[in-house]
Novice: 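This is the structure I have questions about; it appears just below.
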Amino acid sequence: MRKIITLCLFAFALFLGTQSAVAQNSKLEKNTELNSIINAKAAQKTESLAKMIDLEKEQLDDVYDVVRTYTYDSYMINQTKNEDNREAIAAVEAQFESGMEEVLTPTQYKRYKTLVNH
């Protein structure tokens, strides 16, 4: 009798483990889809910036990281649908600007600011 009860408890534990694994997998798929969208948008923006301000090959990865972080943070803020997002948006934009200023040379940064403001 003990063996049957132990076997049933073991089967029940496996069933519960399977359910939580399926839930985690669906959450992972959503994150993978989100990451691919954000990566594509960041790559596209980095390519256009590379053409506009003549980025060097060494700078491409750094600019991509800054743009990807900005794109992700902006997306997450827009998903919250909170009316008090102005401060968060301003903070993300300030972080993006400081990141671009850090990565680009002074001449490139001036060119970038000129193109963005027009």
Side-chain angles (χ1 to χ4, degrees):
M1 187 70 170
R2 283 188 200 164
K3 289 182 181 180
I4 293 174
I5 293 173
T6 305
L7 182 63
C8 290
L9 287 174
F10 181 71
F12 183 70
L14 285 176
F15 176 74
L16 288 178
T18 304
Q19 292 297 329
S20 65
V22 169
Q24 290 175 359
N25 192 25
S26 66
K27 195 175 197 180
L28 179 65
E29 287 174 3
K30 288 179 184 177
N31 287 341
T32 303
E33 184 177 316
L34 173 64
N35 282 334
S36 65
I37 291 170
I38 289 174
N39 289 340
K41 287 183 179 184
Q44 182 181 18
K45 189 168 183 173
T46 302
E47 281 182 35
S48 64
L49 283 172
K51 291 176 185 176
M52 289 189 301
I53 58 177
D54 298 326
L55 289 176
E56 298 171 10
K57 289 183 181 182
E58 299 84 31
Q59 293 174 310
L60 281 174
D61 289 337
D62 295 333
V63 169
Y64 174 79
D65 290 339
V66 172
V67 171
R68 189 194 181 293
T69 301
Y70 172 75
T71 305
Y72 178 79
D73 291 345
S74 297
Y75 178 81
M76 295 309 283
I77 289 170
N78 288 331
Q79 292 300 310
T80 61
K81 300 193 190 262
N82 188 355
E83 292 183 14
D84 297 328
N85 286 343
R86 291 183 201 133
E87 291 178 11
I89 290 170
V92 167
E93 288 177 357
Q95 181 181 5
F96 176 70
E97 288 297 321
S98 67
M100 291 298 284
E101 187 173 13
E102 184 177 310
V103 171
L104 302 176
T105 64
T107 306
Q108 289 172 328
Y109 186 71
K110 286 179 187 177
R111 189 177 309 147
Y112 161 74
K113 290 301 282 181
T114 302
L115 292 171
V116 170
N117 291 333
H118 289 289

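The structure displayed is predicted, hence computed values, not measured ones. Index from 1, following the sequence.
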Novice: If you measure from OG1 on Thr107 to NZ on Lys110, what distance do you get to the nearest 0.5 Å?
Specialist: 6.5 Å
Novice: I'd like to check the side-chain hydrogen bond (donor to acceptor under 3.5 Å, both in side chains) partners of Gln59; sequence neighbours left out, ordered by chain and number.
Specialist: Gln108
Novice: Tyr64: what forms a side-chain hydrogen bond (donor to acceptor under 3.5 Å, both in side chains) with it, not counting sequence neighbours?
Specialist: Asn39
Novice: Considering only residues two or more places apart or on different chains, which pairs with a residue in residues 36-48 satisfy salt bridge (charged side-chain N to carboxylate O under 4.0 Å, His left out)?
Specialist: none
Novice: If hydrophobic clusters are built from ILVMFWY residues whose side chains come within less than 4.5 Å, do Leu115 and Leu60 share one?
Specialist: yes
Novice: Are the side chain of Ser36 and the backbone of Glu33 linked by a donor-acceptor contact shorter than 3.5 Å?
Specialist: yes
Novice: Please tell me whether Ile77 and Ile37 are part of a single hydrophobic cluster in this structure, the criterion being side-chain heavy atoms less than 4.5 Å apart.
Specialist: no
Novice: Nearest 0.5 Å please: distance from the OH atom of Tyr112 over to the CG atom of Leu104.
Specialist: 8.0 Å
Novice: Output, in order, the C-alpha distance, side-chain angles, deciding distance and verdict of side-chain contact (heavy atoms from CB on, under 4.5 Å) for Val66 and Glu102.
Specialist: CA-CA 10 Å; Val66 172; Glu102 184 177 310; over 6 Å; no
Novice: Does anything in residues 58-69 pair up under salt bridge (charged side-chain N to carboxylate O under 4.0 Å, His left out), and if so which pairs, sequence neighbours excluded?
Specialist: none
Novice: With sequence neighbours left out, which residue pairs that include part of residues 40-61 fulfil the ring-ring contact (aromatic ring centres under 6.0 Å, His included) condition?
Specialist: none
Novice: Who are the ring pair (Phe, Tyr, Trp, His ring centres under 6.0 Å) partners of Tyr70, not counting sequence neighbours?
Specialist: Phe96
Novice: With sequence neighbours left out, write down each residue that passes salt bridge (Lys or Arg N to Asp or Glu O under 4.0 Å) with Glu97, or none if nothing qualifies.
Specialist: Lys113
Novice: For residues 49-56, dump all side-chain donor-acceptor pairs below 3.5 Å to protein atoms at least two apart in sequence or in another chain.
Specialist:
from: Asp54; atom 1: OD2; to: Arg111; atom 2: NH1; distance (Å): 3.3

Novice: For Ser98, give me all partners under side chain to side chain contact (heavy atoms under 4.5 Å, CB included), at least two apart in sequence or on another chain.
Specialist: none
